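Letters go in sequence order (proteins before strands), and every chain restarts at 1. Please read all numbers here as calculations on a predicted model, not as lab measurements.
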Protein chains: 8
Amino acid sequence: MKSSDIIMDFERSQRCGISEAVFSQYKTVTQLEKILSIAEQNQTSLLFTHLSYEKYNNLNNYWQKQIKYHEISQCAIFAKRESVNEKEQTHIAIVSAGSSDASVCEETLITLNYHGIKADLYQDIGVAGLWRLQQQLPNLQKYSIIIAIAGMEAALPTVLAGLIDTPIIAVPTSVGYGVATGGHVALNACLSSCTGGIMTMNIDNGYGAACAAIKIYKKIIKNSK
Amino acid sequence: MKSSDIIMDFERSQRCGISEAVFSQYKTVTQLEKILSIAEQNQTSLLFTHLSYEKYNNLNNYWQKQIKYHEISQCAIFAKRESVNEKEQTHIAIVSAGSSDASVCEETLITLNYHGIKADLYQDIGVAGLWRLQQQLPNLQKYSIIIAIAGMEAALPTVLAGLIDTPIIAVPTSVGYGVATGGHVALNACLSSCTGGIMTMNIDNGYGAACAAIKIYKKIIKNSK
Amino acid sequence: MKSSDIIMDFERSQRCGISEAVFSQYKTVTQLEKILSIAEQNQTSLLFTHLSYEKYNNLNNYWQKQIKYHEISQCAIFAKRESVNEKEQTHIAIVSAGSSDASVCEETLITLNYHGIKADLYQDIGVAGLWRLQQQLPNLQKYSIIIAIAGMEAALPTVLAGLIDTPIIAVPTSVGYGVATGGHVALNACLSSCTGGIMTMNIDNGYGAACAAIKIYKKIIKNSK
Amino acid sequence: MKSSDIIMDFERSQRCGISEAVFSQYKTVTQLEKILSIAEQNQTSLLFTHLSYEKYNNLNNYWQKQIKYHEISQCAIFAKRESVNEKEQTHIAIVSAGSSDASVCEETLITLNYHGIKADLYQDIGVAGLWRLQQQLPNLQKYSIIIAIAGMEAALPTVLAGLIDTPIIAVPTSVGYGVATGGHVALNACLSSCTGGIMTMNIDNGYGAACAAIKIYKKIIKNSK
Amino acid sequence: MKSSDIIMDFERSQRCGISEAVFSQYKTVTQLEKILSIAEQNQTSLLFTHLSYEKYNNLNNYWQKQIKYHEISQCAIFAKRESVNEKEQTHIAIVSAGSSDASVCEETLITLNYHGIKADLYQDIGVAGLWRLQQQLPNLQKYSIIIAIAGMEAALPTVLAGLIDTPIIAVPTSVGYGVATGGHVALNACLSSCTGGIMTMNIDNGYGAACAAIKIYKKIIKNSK
Amino acid sequence: MKSSDIIMDFERSQRCGISEAVFSQYKTVTQLEKILSIAEQNQTSLLFTHLSYEKYNNLNNYWQKQIKYHEISQCAIFAKRESVNEKEQTHIAIVSAGSSDASVCEETLITLNYHGIKADLYQDIGVAGLWRLQQQLPNLQKYSIIIAIAGMEAALPTVLAGLIDTPIIAVPTSVGYGVATGGHVALNACLSSCTGGIMTMNIDNGYGAACAAIKIYKKIIKNSK
Amino acid sequence: MKSSDIIMDFERSQRCGISEAVFSQYKTVTQLEKILSIAEQNQTSLLFTHLSYEKYNNLNNYWQKQIKYHEISQCAIFAKRESVNEKEQTHIAIVSAGSSDASVCEETLITLNYHGIKADLYQDIGVAGLWRLQQQLPNLQKYSIIIAIAGMEAALPTVLAGLIDTPIIAVPTSVGYGVATGGHVALNACLSSCTGGIMTMNIDNGYGAACAAIKIYKKIIKNSK
Amino acid sequence: MKSSDIIMDFERSQRCGISEAVFSQYKTVTQLEKILSIAEQNQTSLLFTHLSYEKYNNLNNYWQKQIKYHEISQCAIFAKRESVNEKEQTHIAIVSAGSSDASVCEETLITLNYHGIKADLYQDIGVAGLWRLQQQLPNLQKYSIIIAIAGMEAALPTVLAGLIDTPIIAVPTSVGYGVATGGHVALNACLSSCTGGIMTMNIDNGYGAACAAIKIYKKIIKNSK
């Protein structure tokens, strides 16, 4: 195919507050290398999501060295120099129900950090052992936004939303089996929660939750300082 | 159709521990009246479930007077004389998330009482206001079986199962809208709960939960006394 | 059923930032009247959602007069005196794709106003006639939060999120037929949008979107002033 | 991720009657080894479920030797010394429809035994050859609880529940193809059984069925002795 | 619309062995009257299925008198004079699980009789009270074809197919609620039965089961005499 | 709600080749009357679809007289004066499987005629009596576009596409019951046809099929003359 | 697990007319070898279905030599000596839509032959090229039973049933992609066919179709000779 | 199986305007080689779709050399000599939302070219960066047909159809995860688009879209020149 087949949207960050990320699952290695070349020519950094270890390994050596790969979350970062400012206040907490949700936690954290925004992690505090969540309530109360990540029946966002006045972005995960396979039960539980106001993302979409939090951070929190 | 078209299973109680109930939703008024006649001839009592008020009203006057109709739960009882023994200990608690679940609560309670078994009701203690559940925990701890009834995301059975060692029979209800329409989210949330061991019934199946509790009561609890 | 069957969670507003609303679809008229009595005794106001006109009409005359009923959105308000402060800045825009989405728009607006928060309405600006949306972009840019309401294929939140840096809460609606019946296509389109960061609510859940916006408003916007 | 990412709920056994098990399917080898270390430090035993042979093989040698792996059911046990008391009466029967259900049978049995509870196995007695079930009826009558495991159309729990007064916990399995793929037909057949009172678990959830039986055993049967 | 909008397929009986029936659910009263006129002109009889009582009542008086209406099964017959030959052997048995299945039984029987074929009815012999089926086994053994009709979990065709060598045509019915709503569980249970060889029809499709039996009767049984 | 809540897209015809139609199912009578007023002020004609007879009857008398209502298809037309040119060649054929599909046929035809385009109707020529279709093949061969309308298993578009070189736009209909309820089987059969190139519309979407044909007619056929 | 875990149903053939087959997909190699040993001890032959080539290859050498493996259909036969009688008339035709359906065709044929029954194959005569089917109609007319196998939209059984009076057993196959993935479209198309009387099997269930045909053959055809 | 098991439909091109293509996913290597032999004997060219690289590699060397394989789209072409005429006007544009859709783009283009028809490609112009689409509008306006390819929420065809009067054939793709897995969201979004007249193909069915365009080209465009 002779036509130009990749058109980067480099101005998305300025227009929408979040940079374009490269959803890598359905792209060929050749396409990914071409995207990296375009970014290099434009002196732009890039965030890759859903980049399998096998596909990462098939990139040629030059590109493998240029990017930082995170295996648990299948994310990768190209040419991002600036880091988060450790002195700034942390406004965002990432809360997960179980250690099986670690990959989504990491994707969320990396996306936030890639955009220069800090977050604190509270993992493995699901409702099966409710004391773990209750213990952290005073801490969680201090954040402006909570990203709550849970699979199976995903009761965590519901219970948390009944205990706290912080806005909650829920990320259902595909952790589970039988009727929970694929994460649809967790998704629907978040959407139909008896506690009003849970904002829900697609299954396993830590990237999207981070984008939502970034938009709130940049448009509201940052402006108000 | 000339053939005998109704064959009652009167020995079910002796064989299975629970009496045959008449699921009335798809039966004609003529069939229901025929069933009542057979029961009257056999001097047997009967429990009707899913009997709409309209259908009850279309029964002839004689049968209307012979049965006791419960409108909220659409249950009816024919010729049941013996009642529960108020002096006996109560082994079963019925717990519901919201007042919208009242019809399922009533169906459960009527079925238990019809079989001569007592139960206590704890309604409207869902997790959106968790203090309501926590307040009742010491009371709930005392029962042998808890029937937990909830719609929408049905987090109640999961949270309760993480706080208590009592066996829990969950009844998901069709309370909800959007993705929760029909009660499938509640059902699947009970089935895929992160707290192991929740025993689940069909959507809105208070009758079935009562039957399960009756079997446990008769086979285990009663025998052990 | 002798037990107390309704337990109001009056402290929810203080704990979670939003008041308990009465989801009325599965409650009996008797239950609704009992809830109104409790609220009256506690000198509390109440918001009812999913209250059909027929059910409203079956309330006794006293209660009918005490509440303000909104037929399009099937909402009702009891004993709410304070209104929104017209002098305050408006931080929230409600955007809808078509005039068929009016009921969800109204439920959203009423819930916000009930909590004392203002919002501006931009209706019938879906992508079939894209110029309508583009015309409003400069206005929409000024808000802190946009609630985007759309049915059928729900392309509106996606297109809007690609043009603007304002956080977007999407409410898919059940407007449509054939494969769009029930609103699941609109819901899934919001969840799987190619533009990252759309926060999604249950189908037709204008109440929930308002709750989310209220939480962001109270926790972040109001605090920063 | 620097934060503590695993929080064990060691008091679950005391609180809920069943020990926390490690659902291993979505955990990394690193996470599993960390969990084992925590357990070793706390001198606690552990039950692992859904641990694939490949993942087990990727654990380091030390941990491989410390745990006992069961390949058919993909379960593993760490540091469990006490065994079931062979002199005690057996209260629980595990019944399966076909030899294809063996993995779920084993998961159920291992979970029961891990908690010190005995059970007898009656495998391959599905309704296609009904004489096999009828032959065992006198034996099955003697137990307090029956766990009935079946895939495909899962008629076994229904037929059994019509012949016996013992409480039945049904475990639908994913055995089947075409419309039966994934086990949803078996699940729904158990939930909608014409014989009232079947208590149903998630698909392939032998662990959950065992947990339910353990709760009944500890709360009711053991107390009554 | 000026074009001819109804084209009867009168030669279907000769070509396919079964007459065209008029599926009336989506036809207007005007269309039904036009179809009756065409049939009258062609001196042909007609079978109507899915004809609601309301629609039947809206036909003009002349047509109401010309057709025989069966309310339970919503079938009607026009101008059929010849009846079944009572002296012939009966080759087909219709077996149903419960009296709620009576409408499908009647549709099956009427379709068979309309084509001049006899059948015997065995209703309400579902597996919840297995003795009812076992009692009839010697009788059922004598037929060439059994049409087995059941809703809910539809275990009847499976159990019957394991006990008998007669070919079984299964008709799942929409009797049930919760997960069984619509009859999909019954359908899938028939399709995925552990006993090989059950031939399955669409939900509630008694007409279709009769057609299949008629084809077998005319092509094989009748020819062999 | 004070804001302007209806924004007509009058230039759609010029921009897209088809006029905006008013999808009336979810609009209130008040909204419909407002839309009519706007159209009257703009001296524009309007096409209404999915307008129930009840809703049409609730319009005030003035508007009822101004519009022409088609009950079978639930369409209505306001202020359309020009008609189709009977002398022009007919390029489009509408083919339907059964007379139950008449409402979709009419919606298709009215939409075409509203845009000044002619079409011929071939109804009730489904594959159950294949001779009806084969008889019309020479006629159908002459058209530029065929709109094929079918419910149930919708084999008609597939069979037709295997016999003819005319482009086919398929409209699956919701005619059917059991698994065919809602029209999803018909839709999926069109989409997965073994004969390549069938272009498929939403279930019952005769309006959409007409729009597609209009676009092809105006952009290609008309231009080529 | 010490208990007997495999109970063969050797008298099924006598009771039901078809022999027990070993559905091998979920059985371990150890279980399959045990089943073979039992069969050898009982001097019984066996039919294996869904036996993957990999699993077959993992059987020990002795058993590999004792069984005849068919790779396309993943069937295997143990110790079957008698073959079909070539002199007998053939009563059954197997008809398939495409060459992609060959595996299901072979499973059907092998099952029939295993039971000593002949069948003729007519492959690749789907409706995309209708002449292929029409060419064979005179031949197909001669059989007592037709087994029609088709994937994708599965129009073949419907079209065939409209042209012929032979009873048709339809086997939908999982051939297809997109909406046709898994074979559900083909299944539902068979179930909702506009031509009455198609008897449908589970997706890809050639074995079941053969069983149905065997029952009809043995109970009706054979008896009538 | 002795019967002829492959029957090519070589006259399809003349009858239907498009050549038979070989859907290779479910065919064995042996079948594919047999099909190639038949084509070679008939001196016919062939298009293969869904031919995996592994299966292509398993063809014997002779056939591998005779066909041209396209790995991205898994298409292959045998013995096609004539090419598209570069001097002819291009009537068809292929538009895609993202570079992940490249495989479907290529399948579409190859199918068109195989039939001697030209098309231009406009890739990666989805609505997340709307300027990319708007930039191409003047170009796109010039074509007679647009094939619009998109995954995830598939807003591209909807937005494009609201901006242009060119007929649009939409191909939803399986690009996406969570609720978008498999492409059903994209498919349903195209089918339920608020902009009337989008003609939709099965998920990933670039071949089918090309066939539709070829039929329109040959029947209408070509004829009109």
Subject >> Tyr177(A) and Asn202(D): CA distance, side-chain angles, deciding distance, side chain to side chain contact (heavy atoms under 4.5 Å, CB included) verdict >> reply: CA-CA 8 Å; Tyr177(A) 63 95; Asn202(D) 193 7; 4.1 Å; yes

Subject >> Worked check of side chain to side chain contact (heavy atoms under 4.5 Å, CB included) between Asp101(A) and Tyr26(D) >> reply: CA-CA 8 Å; Asp101(A) 303 316; Tyr26(D) 295 87; over 6 Å; no

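Counting heavy atoms from C-beta outward, Ser99(A) and Lys27(D) have side chains that approach closer than 4.5 Å. Trp131(A) places a side-chain heavy atom less than 4.5 Å from the side chain of Ile7(D).
With hydrogens and angles disregarded, no donor-acceptor distance shorter than 3.5 Å links the side chain of Gln123(A) to the backbone of Ile6(D). Asp5(D) places no side-chain N or O within 3.5 Å of a backbone atom of Asp124(A) that could act as its donor or acceptor partner.
With chain A as the partner, the residue from Ile35(D), Leu187(D), Asn205(D) showing the most heavy-atom pairs under 4.5 Å is Asn205(D).
Summarising the geometry of Arg15(D) relative to Ala128(A), their closest heavy-atom pair is NH2-O, 2.9 Å, with the distance given to 0.1 Å.
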